[in-house]
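Data block below; observations after.
Just so it is clear, the model here is predicted, and its values are computed rather than measured. Below, read A as the first sequence line, B as the second, and so on, with proteins coming before strands; counting in each chain starts at 1.
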Number of protein chains: 2
Amino acid sequence: MQPAAADPAAQVDYASLPDHVGYLLRLAQLRVWEDFYARLSATGITPSLYSALVLIERNPGLQQSRLGEALGVARSGAMTMVDRLERQGLVERRPAPHDRRAYGLFLTADGRRRMPEIVAMVQQHDRQINAVLSATEHRTLMTLLKKFVAAPAQRGNSLPAMEGDPTVSRQKRSGSRTPRTGRRQSKPREE
Amino acid sequence: MQPAAADPAAQVDYASLPDHVGYLLRLAQLRVWEDFYARLSATGITPSLYSALVLIERNPGLQQSRLGEALGVARSGAMTMVDRLERQGLVERRPAPHDRRAYGLFLTADGRRRMPEIVAMVQQHDRQINAVLSATEHRTLMTLLKKFVAAPAQRGNSLPAMEGDPTVSRQKRSGSRTPRTGRRQSKPREE
DNA sequence: TATTGTTATACTCTATAACTATA
DNA sequence: TATAGTTATAGAGTATAACAATA
């Protein structure tokens, strides 16, 4: 995303671009992410990982599939997220009580210990991000965004994670679908 | 992004997630994209391609590098975009008058002919998207988003394209950088 | 030496499909 | 037969680096 050196882009006429909500939404989100990453880079927590953490903290024992559904990612994507959080020692998978296929997700002791700090960093990030708006403006923006999002969608409508996603494009375009192969074994930790 | 079947996600407590601007921005953008892709899928135009088209139309003779800077993508990325637009017959590269390295970008005759229709589709998309807000609300939202975006950034601050981007994450994370190799020849159309 | 266009390569994110164990 | 977790693979998007031609 390298910023234009001096400002060669200044000569370009952006025409109608800034009149599109989508364009502004993207710029805004980009700005938010930049600050998020800059601020939390040391922790290795990304926006999507953070949203997973919050959900797991608030819904102890949550299953991976449920997490994925809640965050709008495929099961395999949820896997990756949980793997990362597990590797960071923040989250653990415990066998589900009544279903030997499933696991429940929990914060580890370390995760519970570190959570407040992480949350504080994110809140600080939020404050920084919102600093450009007055309290009233911020409230208004949140209200409008919520209204925008809550509106009945043409298609399904869950609440996805906090992360970028070239997904939509991929899904909706491309008429060619090629099947795959591959695999080997599963659940190498249950014998 | 498959929508949750019935609504298993409804049982999940989203906790503080909806209080974060970033989270709402992402949801909002997702919704916008969905509609954009659904509506323009037949044309093969993505949000980022559309923004390129608009810039080229308004700035005839624009160089690829300038386009890239204006849209916040690397030169190689601008290449890809222009390649796609060229393949679709919408844009052409003409040798720049006073710089034999450079090319100027122009809409083709066909591009100019099709542009109004594309613009109309995008405007229709915009209307649909904005339908959930009153005219006043929409104006307020745009104003707030602009204010949000226009605020002095900590880092550089150009106006990128209309497309998702896992970019930020990649750039800001990862301490390991491995150099590459590769190439073969360039400009096979200038001998 | 710097810039423009180009190509090769790598990495992130996320999807689909198929498989295993279990229900 | 369906579901949870897993794994392999595909592909979109975008970055970096190196190169040729030109400035």
*Taking 4.0 angstrom as the limit, do B/E69 and B/R66 come out as a salt bridge?*
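Judged by the 4.0 Å cut-off on N to carboxylate O distance, B/E69 and B/R66 do form a salt bridge.
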
*Is it true that B/R31 and B/E34 make a salt bridge, defined as a side-chain N closer than 4.0 Å to a carboxylate O?*
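No salt bridge links B/R31 with B/E34.
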
*asked:* Side-chain N or O of A/R66 versus OP1/OP2 of D/dG5: is the shortest distance under 4.0 Å?
replied: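 Checking D/dG5 against A/R66, no side-chain N or O comes under 4.0 Å of OP1 or OP2.
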
*Side-chain N or O of A/R101 less than 4.0 angstrom from OP1 or OP2 on D/dG5?*
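Result: no.
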
*Just compare C/dA15, D/dG13, C/dT4 and give me whichever is closest to any side-chain atom of B/T46.*
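Shortest atom-to-atom distance from the side chain points to D/dG13.
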
*Among D/dG5, D/dG13, D/dA18, the nucleotide that comes nearest once only the side chain of B/R75 is considered*: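 For B/R75, the side-chain atoms sit closest to D/dA18.
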
Let me know the distance between [atom1] of [X] and [atom2] of [N], rounded to the nearest Å.
X: B/Q64; N: C/dT3; atom1: CD; atom2: P; result: 17 Å
X: B/D83; N: D/dA12; atom1: CG; atom2: P; result: 15 Å
X: B/L30; N: C/dC13; atom1: CG; atom2: P; result: 16 Å
X: B/E86; N: C/dG5; atom1: CD; atom2: P; result: 12 Å
X: A/H98; N: C/dT22; atom1: NE2; atom2: C1'; result: 16 Å
X: A/R94; N: D/dG5; atom1: CZ; atom2: P; result: 15 Å
X: A/Y103; N: C/dA23; atom1: OH; atom2: P; result: 11 Å
X: A/M79; N: C/dA18; atom1: CE; atom2: C1'; result: 15 Å

*Run through B/H125, B/E137, B/H138 and flag the one making a side-chain hydrogen bond (donor to acceptor under 3.5 Å, both in side chains) with B/N130.*
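Exactly one option meets the side-chain hydrogen bond (donor to acceptor under 3.5 Å, both in side chains) with B/N130, and it is B/H138.
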
*Return the 5'-most residue of the pair A/T80, B/S65 with respect to DNA chain C, ranking by each residue's nearest nucleotide.*
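Final value for this comparison: B/S65.
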
*Of B/S76 and A/G77, whose closest DNA chain C nucleotide lies nearer the 5' terminus?*
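Whichever sits nearer the 5' end wins; that is B/S76.
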
*Can you name the residues that form a side chain to side chain contact (heavy atoms under 4.5 Å, CB included) with B/Q124, not counting sequence neighbours?*
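Here the qualifying residues are B/R39, B/R127.
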
*asked:* List the residues meeting salt bridge (charged side-chain N to carboxylate O under 4.0 Å, His left out) with B/R94, not counting sequence neighbours, and say none if there are none.
replied: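 With neighbours one apart ignored, the set is B/E92.
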
